[in-house]
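Below, each value reflects all heavy atoms present in this structure, side chains not excepted, and no hydrogens, waters or symmetry copies.
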Amino acid sequence: MSVRTRPDLGSLPAYVAGRTVPGAIKLASNEVPGGPLPSVRDAIAEAAADVNRYPDMGVTALATRLARKYDFPVERIAVGCGSVALCQQLTQALCEPGDEVLFAWRSFEAYPIVTQIAGATSVKVPLDATHTHDLDAMLAAITPKTKLVFVCNPNNPTGTANRREELVRFLDQVPPHVVVALDEAYREFVSDPDVPDGMEFARTRDNVVVLRTFSKAYGLAGLRVGYLVGPAELAEVVRKVYIPFSVNSLAQIAAMASLDAEDEMRERCAAIVTERQRVADELLALGYEVPETHANFVWLPLGDKALEFAEHALANKVVVRAFAGDGVRITVSTREENDAFLQAARGFSR
């Protein structure tokens, strides 16, 4: 081919989605098992009649609802095509070639991808011995080239979380020109009061943004809608690199209906948290190492056995998400599906 593409894209890591295998239980993508909340399904069905019309490009109604929910000026809200799209928009808005984006590893696999797309350089800081962000090591890794730091809390794929005291100490020492993005895609599953709500930091710190999504707890992964809350100047530049109309009209309606059904959502999350503890306890009793999790999944740090475990689970009609050389992430689902996974785990020889 005579067309010249960017040479660095040859080394761009591919985002690996959780596999879907016909006839197997899918516990690979952190989806909630129940789908959209019942009242939200009704709103989606009603809105389908108007999909011949373009959506509100500014996502104004949803942004206004979110501003009211969190008591922020609407200018401090940016809505995007899932929080992963906002990760990319934030990186593009802040970074130029030669700039650095800092994050823990292993963490959300989109971080190195969006960093390279923006032409910046990834700086990966290993997790600590508990599979949690090592915030002191991350502070030490900040250089004059650092523009952006992602802190995934709870962390994907390990489920671990940093507590308030250590996060406050970290934020106090980050240089004011470095933006810290608190990625809280799994916030609704947090039950420990010492794991802070990032909105308290976005409210008081000029270099902190919070990312959230409707994909997980609200069951809208297939509609792709998330949001960012931060200083008005940052929200504005994030909106400037937004692809027009990327948040479709059904997503906007479904997200607003979801905000009207938060009691149902909280009941769903409470049930998942109960199952999460049961699954973790069963795995611990079987002799597995299971880091403390605050998300809707558990992590097994199996190292070089990760791929073998995933193939064993698949042979037992259960799909899990393996990260070669590191571990396996298993989504917490219904009791029946979790039991099928636990049965597979009992039969694995380590």
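Checking side-chain atoms of Y288 against main-chain N and O of A345 turns up a donor-acceptor pair under 3.5 Å. Proximity of a side-chain donor or acceptor of R224 to a complementary backbone N or O of G82 within less than 3.5 Å is not detected.
For residues 255-282, there are no ring-ring contact (aromatic ring centres under 6.0 Å, His included) pairs, not counting sequence neighbours. Sequence neighbours left out, the pairs with a member in residues 30-67 that pass ring-ring contact (aromatic ring centres under 6.0 Å, His included) are Y54-F245. Pairs engaging residues 329-350 under the ring-ring contact (aromatic ring centres under 6.0 Å, His included) rule: F309-F348, H312-F348 [sequence neighbours left out]. A ring-ring contact (aromatic ring centres under 6.0 Å, His included) check over residues 143-187, counting only residues at least two apart or in different chains, returns the pairs Y111-F150, Y186-F297.
Not counting sequence neighbours, the partners of T293 by the side chain to side chain contact (heavy atoms under 4.5 Å, CB included) test are R276, A295, V298. Residues passing the side chain to side chain contact (heavy atoms under 4.5 Å, CB included) test with A255, sequence neighbours excluded: L62, F214, V225. D304 meets the salt bridge (Lys or Arg N to Asp or Glu O under 4.0 Å) test with no other residue; sequence neighbours excluded. Remark: E267 pairs with no residue by the side chain to side chain contact (heavy atoms under 4.5 Å, CB included) rule, at least two apart or across chains. D42 is linked by a side chain to side chain contact (heavy atoms under 4.5 Å, CB included) to nothing, counting only residues two or more places apart in sequence or in another chain.
V319 shares a hydrophobic cluster with V21, L314; the chain of contacts runs through ILVMFWY side chains whose heavy atoms sit under 4.5 Å apart. In the hydrophobic clustering, V114 connects to no other residue, as no ILVMFWY side-chain heavy atoms lie under 4.5 Å from its own. In the hydrophobic clustering, V74 connects to no other residue, as no ILVMFWY side-chain heavy atoms lie under 4.5 Å from its own.
Salt-bridge formation is detected for the pair E275/R278: a Lys NZ or Arg NE/NH1/NH2 atom is positioned less than 4.0 Å from an Asp or Glu carboxylate oxygen. One finds no salt bridge joining E109 and R329 here, because no Lys/Arg side-chain nitrogen approaches an Asp/Glu carboxylate oxygen to under 4.0 Å. One finds a salt bridge joining R205 and D172 here, because a Lys/Arg side-chain nitrogen approaches an Asp/Glu carboxylate oxygen to under 4.0 Å.
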